[in-house]
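Predicted model only: the values in this text are computed from it and were never measured.
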Amino acid sequence: MPATLQPDQDAARWDRHAEAYEAVFEGLTDAFATAALDLLEPLRDARLLDLAAGAGGAALQAAARGAHVTAFDASAAMVTRIRHRGAGAAILAEQVDARLPLPRPDGAFDLALSCFGVVLLPDPVPALRELHRVLRPGGVLAVVTWTEPGRYELAARLRSAVERVSGAPPPAGPIPAQLRYTEPAALVALLDAGGFGAARVMRVEATLHAASARALAAALDFAPGMAALLDGLGPDRTAVEAAFAEALEADQGVGPVALGAVAQIGVAMRT
């Protein structure tokens with residue numbers, strides 16, 4: 001992996017997290033995908049491209065609404081998972097690196113979607129320009145990314161657990177790739193750079209659910225970036241996971257738990 005790539009930007013690392021991501025985190029991202037698909041309606045009989053589709057949660061939702069879905073992801077394991085979950089549905093899944101020209105002709109799609117995907121790329125602009133190219137004139141794109149990171153409760157609680165165990169907050173590092181466009185103006189500017197003008201941005205709140213605090217603490221390495229953070233704790237990792245679970249149990253009990261998060265959806269049309 002090139003030194004400039006962050007763990008979440010490495011498709012090979014995602015191969016090792018496909019099932020865990022689906023089991024632990026996809027429920028949250030699916031809630032945001034639902035809101036994005038609402039903004040893309042009508043979906044019935046529409047040709048929809050889901051770029052950086054992950055384990056296929058959004059693609060499955062779109063197909064259930066009647067769309068003919070093409071799902072691209074750079075991770076072979078994610079594509080395999082989409083094909084398994086989408087068997088019998090109108091979903092075509094292909095392993096495609098979004099950093100390269102997309103293997104479709106101009107105007108091939110009516111709609112396009114990327115949930116927390118294209119924003120991970122080292123440079124999302126060429127991929128957005130490709131999305132612009134493969135959309136027909138009048139086609140609509142929805143891009144989902146995080147906003148208000150201070151309200152991402154899972155990360156905030158994990159930082160608190162690290163500080164409780166080590167006596168200091170986690171060391172500052174580069175801004176995670178997925179947090180580069182948390183301001184609405186930054187997301188609008190990104191879409192504009194990709195050729196999409198007159199974008200509008202909608203804010204959406206959703207909740208991550210888990211069976212218990214301890215079950216969530218045991219599964220925090222559901223994505224490459226989270227796994228790298230936890231591995232970097234060294235001998236403190238077990239104590240941090242325990243502190244995370246204990247604090248969450250103190251607030252929400254030993255049964256099911258819920259943690260909030262906020263995303264924003266940028267929607268724009270190809271003119």
Side-chain angles (χ1 to χ4, degrees), residues 1 7-38 40-41 43-100 102-104 108-121 127 130-131 134 142-144 154 178 206-211 215-216 218-228 261 263:
M1 180 179 67
D8 282 343
Q9 295 175 317
D10 181 8
R13 289 199 183 198
W14 279 106
D15 284 346
R16 302 192 290 272
H17 294 274
E19 292 186 11
Y21 183 87
E22 178 187 337
V24 178
F25 205 66
E26 190 184 72
L28 176 62
T29 57
D30 270 359
F32 296 124
T34 298
L37 291 171
D38 288 345
L40 291 177
E41 286 283 7
L43 274 77
R44 181 156 300 280
D45 294 327
R47 302 165 299 164
L48 182 144
L49 173 62
D50 185 0
L51 184 63
L60 288 164
Q61 288 192 56
R65 298 192 191 197
H68 301 283
V69 181
T70 298
F72 289 162
D73 200 274
S75 162
M78 290 293 192
V79 171
T80 297
R81 189 65 190 140
I82 296 169
R83 289 172 178 167
H84 176 76
R85 298 173 75 192
I91 300 175
L92 174 65
E94 296 182 19
Q95 186 178 5
V96 172
D97 188 337
R99 294 174 296 179
L100 303 174
L102 299 178
R104 291 295 187 276
F109 298 100
D110 305 302
L111 304 168
L113 172 69
S114 188
C115 293
F116 308 103
V118 71
V119 294
L120 273 176
L121 295 173
E130 277 294 283
L131 286 170
V134 299
V143 172
V144 185
L154 186 148
Q178 57 264 52
T207 304
L208 172 67
H209 296 278
L216 182 56
L220 287 172
D221 56 354
F222 57 80
M226 292 291 285

Item checked: side-chain contact (heavy atoms from CB on, under 4.5 Å) assessment of Leu220 paired with Leu154 -> CA-CA 9 Å; Leu220 287 172; Leu154 186 148; 4.2 Å; yes
Note to self: Checking Arg65 against Glu41 for the side-chain contact (heavy atoms from CB on, under 4.5 Å) test, could you report, in this order, the C-alpha distance in whole Å, the side-chain angles of both residues, the deciding distance, and whether it holds?
What the structure shows: CA-CA 9 Å; Arg65 298 192 191 197; Glu41 286 283 7; 2.9 Å; yes
Margin query: Working note: Thr70 + Phe72, criterion side-chain contact (heavy atoms from CB on, under 4.5 Å); need CA distance, chi angles, decisive distance, verdict.
Written below: CA-CA 7 Å; Thr70 298; Phe72 289 162; 3.4 Å; yes
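Heavy atoms only, all atoms of each residue included: Thr207 and His209 are closest at O-CD2, 3.6 Å. Between Leu40 and Ala112 the shortest heavy-atom distance is CD1-O, 3.8 Å. Taking every heavy atom of both residues into account, Ala53 and Ile82 meet most closely at CB-CD1, 3.9 Å. Closest heavy-atom contact between Gln178 and Asp8: NE2-OD2, 3.0 Å. Residues Cys115 and Ala58 share a closest heavy-atom pair of SG-CB, 4.3 Å. In terms of heavy atoms, Gln9 sits closest to Leu121 at NE2-C, 3.7 Å.
Residues passing the side-chain contact (heavy atoms from CB on, under 4.5 Å) test with Ala62 are Leu37, Leu43, Leu48, Ala67, Val69, sequence neighbours excluded. Applying the side-chain contact (heavy atoms from CB on, under 4.5 Å) rule to Ala35 yields the partners Met202, Val204, Ile265; only residues at least two apart in sequence or on another chain are considered. Checked against salt bridge (charged side-chain N to carboxylate O under 4.0 Å, His left out), Asp221 has the following partners two or more places apart in sequence or in another chain: Arg237. Judged as a side-chain contact (heavy atoms from CB on, under 4.5 Å), and not counting sequence neighbours, the contacts of Ala76 are Asp15, Gln95. Judged as a side-chain contact (heavy atoms from CB on, under 4.5 Å), and not counting sequence neighbours, the contacts of Leu60 are Arg85, Ile91. Take Tyr21 and apply the ring-ring contact (aromatic ring centres under 6.0 Å, His included) test, not counting sequence neighbours, and it matches Trp14, Phe25.
Using a 4.5 Å heavy-atom threshold, the side chains of Leu113 and Leu51 count as separate. Proximity of Ser114 to Val144: side-chain heavy atoms (C-beta onward) are nowhere separated by under 4.5 Å.
Under a 4.0 Å N-O distance rule, the pair Glu94/Arg104 qualifies as a salt bridge. Taking 4.0 Å as the cut-off between side-chain N and carboxylate O, Asp73 and Arg81 do not count as a salt-bridged pair.
Once rounded to the nearest 0.5 Å, the distance linking CG of Leu49 with NE2 of His68 reads 14.5 Å. Taking CZ from Phe109 and CG from Leu102, the interatomic distance works out to 8.0 Å, rounded to the nearest 0.5 Å. Rounding to the nearest 0.5 angstrom, the gap separating the CZ atom in Arg83 from the CG atom in Leu92 is 7.5 Å. Arg13 contributes atom CZ, which lies 13.5 Å from atom OG of Ser75 (distance to the nearest 0.5 angstrom).
Looking at Glu22, its side chain never comes within 3.5 Å of a backbone N or O of Ala55 through a donor-acceptor pair. The backbone N or O of Arg47 lies less than 3.5 Å from a partner atom in the side chain of Asp110, making a donor-acceptor pair.
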